[in-house]
Protein chains: 2
Amino acid sequence: MDTAVPISTGDKLCAPECLPESCRNCSVRHLAICAALNTTEMVELSGIASFQELQNHDPITSEGEVADSVFNVTAGAVELYKLLPDGRRQVTGFLFPGDFLGIAMNERYSYSSEAVGNTRLCRFPRKKLEAMLDRMPQLERRLLSMASNELIQAQDQMLLLGRKTAKEKLCSFLLNLSKRAASRGEDPSVVHVPMSRSDIGDYLGLTTETVSRNFTQLKTKGVIRLLEGGMVHLPDLERVRELAEEA
Amino acid sequence: MDTAVPISTGDKLCAPECLPESCRNCSVRHLAICAALNTTEMVELSGIASFQELQNHDPITSEGEVADSVFNVTAGAVELYKLLPDGRRQVTGFLFPGDFLGIAMNERYSYSSEAVGNTRLCRFPRKKLEAMLDRMPQLERRLLSMASNELIQAQDQMLLLGRKTAKEKLCSFLLNLSKRAASRGEDPSVVHVPMSRSDIGDYLGLTTETVSRNFTQLKTKGVIRLLEGGMVHLPDLERVRELAEEA
DNA sequence: GGGCCGCTTTGACTTGTATCAAGCGTGACG
DNA sequence: CGTCACGCTTGATACAAGTCAAAGCGGCCC
């Protein structure tokens with residue numbers, strides 16, 4: 001699975017041309033941690049990055065394992081999850097292009113994670129990235145702000161898990177995917193849902209069957225339309241928002 | 001409610017004596033954000049702090065309100081919560097002495113919060129604290145590490161809310177209180193539970209009645225003993241851990 | 001001391017979601 | 001081109017937790 005390949009090694013003082021191709025073409029530069037950096041710093045960062053291409057279900061991290069890498073998702077999707085001793089599973093989050101994997105950790109990963117469909121990652125050795133933090137306070141500031149946002153999202157998810165009904169959960173989930181698509185500049189009324197029903201269930205604290213039944217009901221009521229290739233059409237976002245019980 | 005009182009105004013170059021009394025006597029200095037600072041910095045920090053004394057249910061922050069203060073809990077307890085439009089409530093966390101309130105926020109508070117019982121807070125104007133961050137990178141580092149730990153806890157709470165049974169939830173909750181008591185140097189087998197059954201229910205995604213019934217069952221099985229003044233005795237922590245399904 | 005108020009406990013009943021169990025489609029592969 | 005496997009859907013039934021209701025239990029104030 002580890003098809004890691006070094007990206008080049010820029011160490012000059014630097015114009016945009018110094019950046020490796022994979023960074024210059026990167027479609028999520030303005031979203032990822034890279035957004036906090038100037039070109040010189042980007043070159044330094046790219047020097048410690050390696051690139052990784054994954055397929056559905058390829059593992060990325062394993063709960064309890066020593067955390068020596070952090071990642072940026074550049075294409076595809078990733079799911080984070082935790083397991084109980086008897087196998088019950090909770091998906092704690094999905095990551096999409098531009099999202100960062102590795103803020104929440106001590107010496108060891110606190111969750112497992114794997115690719116959802118074909119996925120590309122940018123991998124950074126954690127020690128080296130941390131060393132860079134000392135010299136780039138704005139990078140640290142950015143990580144703090146990302147952590148803060150993740151915490152806010154986590155609180156929303158607790159509200160969902162603890163207090164929402166199955167239908168509200170599903171609508172919140174679709175709405176969330178829609179918002180994130182919008183923030184990546186995509187059409188918010190057509191969302192890509194690359195994960196399986198059981199992944200969704202494990203994310204929402206439901207079973208596969210309940211997820212499926214509620215999809216059917218939403219379809220019947222005309223709230224959603226299932227398209228080809230895991231795309232879902234949301235013709236009336238306001239309606240979805242109401243069903244999700246969001247302010 | 002706002003009985004804020006300035007703490008003094010040290011601005012010298014400084015020995016421990018420069019610290020205001022309330023800081024010198026503070027029992028949570030080694031836990032709070034203050035732990036990252038030397039005396040000089042502490043004096044500066046204490047210069048922007050004010051001190052607040054609250055009673056049960058006194059509000060601290062309100063979801064959606066402009067976030068101009070952050071807080072350190074120095075005594076008592078605080079609960080954070082979010083509401084759905086129809087009044088359903090999810091408690092997203094409890095804070096105890098040494099805990100920090102205000103990592104997870106943008107321009108506005110993302111949750112409401114109130115005192116649980118008699119509580120004391122150290123309040124910092126957010127803008128001033130942020131200004132200090134520029135000059136004290138180790139403070140920023142500390143906040144990042146606190147945020148990271150909160151995220152890990154949030155993920156554990158998602159696992160609890162999404163996948164655990166009522167009894168497992170309650171045992172996990174008690175175990176968590178026990179761990180936190182231990183980290184403050186208290187006896188882990190006697191935990192203080194200052195919050196009501198319905199607060200606990202709103203934290204665990206259960207109703208008051210279910211919490212109460214499960215307390216009774218645990219009592220009957222001898223796993224817990226209810227003492228005076230909201231204290232709970234856990235004679236066999238290993239047993240609680242098993243019932244909580246924790247590794 | 002009596003009565004009121006808020007919180008907790010207990011009981012009887014309901015219900016949303018889980019569980020168990022088939023079917024259905026589609027894509028992979030011999 | 002069959003059949004095998006896997007993910008999705010649908011149906012029948014079970015059960016954990018929710019709801020509704022009422023009875024304890026202090027604490028507090030008049």
Side-chain angles (χ1 to χ4, degrees), chain A residues 55-57 79 84 86-91 114 116-118 160-174 193-221 224-232 243 245, chain B residues 55-57 79 84 86-91 114 116-118 160-174 193-221 224-232 243 245:
Chain A
Q55 300 189 329
N56 200 15
H57 292 128
E79 66 177 0
L84 286 173
D86 66 1
R88 280 173 287 172
R89 192 176 81 127
Q90 178 66 39
V91 170
E114 59 179 56
V116 177
N118 296 333
L160 177 149
L161 289 169
R163 290 303 184 210
K164 289 189 180 178
T165 65
K167 187 168 298 156
E168 289 164 352
K169 285 175 174 180
L170 195 50
C171 287
S172 299
F173 171 67
L174 292 170
V193 184
M195 60 293 284
S196 71
R197 296 286 179 265
S198 97
D199 287 341
I200 298 172
D202 284 346
Y203 181 56
L204 301 177
L206 302 170
T207 57
T208 318
E209 294 93 327
T210 300
V211 172
S212 179
R213 278 187 247 273
N214 279 279
F215 259 111
T216 316
Q217 283 182 42
L218 289 174
K219 214 165 46 183
T220 311
K221 291 205 284 181
I224 64 174
R225 273 194 319 137
L226 303 186
L227 313 176
E228 299 283 281
M231 305 301 286
V232 177
L243 289 170
E245 284 287 307
Chain B
Q55 300 188 328
N56 199 14
H57 291 128
E79 66 177 2
L84 287 173
D86 66 3
R88 277 173 290 172
R89 192 175 83 127
Q90 179 66 38
V91 170
E114 60 179 53
V116 177
N118 295 334
L160 178 150
L161 289 168
R163 289 301 183 212
K164 288 189 180 178
T165 66
K167 186 167 301 157
E168 289 164 353
K169 286 176 174 181
L170 195 49
C171 289
S172 299
F173 172 66
L174 292 169
V193 184
M195 60 293 282
S196 71
R197 296 284 179 267
S198 97
D199 287 341
I200 299 172
D202 285 347
Y203 181 56
L204 301 177
L206 300 171
T207 58
T208 317
E209 295 94 326
T210 301
V211 172
S212 179
R213 277 187 248 273
N214 280 278
F215 258 111
T216 323
Q217 283 182 42
L218 290 174
K219 214 165 47 184
T220 311
K221 290 204 285 182
I224 65 174
R225 274 193 321 135
L226 302 186
L227 312 176
E228 299 283 280
M231 304 302 286
V232 178
L243 289 169
E245 285 285 310

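Residue numbering restarts at 1 for every chain, and letters A, B, ... go by the order of the sequence lines.
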Among all residues two or more places apart in sequence or in another chain, which pass the side chain to side chain donor-acceptor pair (under 3.5 Å) test with S172(A)? K164(A), E246(A)
Identify whether the distance between the nearest side-chain nitrogen and carboxylate oxygen of R197(A) and D202(A) falls below 4.0 Å. no
Using whole Å, what does the distance between atom C1' of nucleotide dA16(D) and atom NZ of K167(B) come to? 11 Å
Between D86(A) and R88(A), is there a donor-acceptor pair closer than 3.5 Å when you use the side chain of the first and the backbone of the second? yes
Sugar-phosphate only, base, or nothing, as touched by G205(A) at under 4.0 Å among non-hydrogen atoms: sugar-phosphate
Here the distance between atom P of dA16(D) and atom CD of Q217(B), to the nearest Å, is 11 Å
If I compare all heavy atoms of L243(A) with all of E168(A), which pair ends up nearest, and what's the gap? O-CG, 3.2 Å
Which of dA18(C), dA17(D), dT19(D) is nearest the side chain of L206(A)? It is dA18(C)
Strictly under 3.5 Å: I want the nitrogen or oxygen pairs between protein and nucleotides 23-28 of chain D, one per line.
none

Do NZ/NE/NH1/NH2 and the carboxylate oxygens of E245(B) and R163(B) come within less than 4.0 Å? no
Quick check against the 3.5 Å criterion: does N214(A) have a side-chain atom that pairs as donor or acceptor with the backbone of T210(A)? yes
Reckon G230(B) touches a base, only the sugar-phosphate, or nothing at all at heavy-atom distances under 4.0 Å? nothing
To check you understand the geometry: which heavy-atom pair defines the closest contact between N56(B) and V116(B), and what is its length? OD1-CA, 3.7 Å
Sugar-phosphate atoms are those with a prime plus P, OP1 and OP2; base atoms are the rest. Using that split, label each nucleotide of nucleotides 6-13 of chain C B, S or - for protein heavy atoms under 4.0 Å, 5' to 3'. --SBBBB-
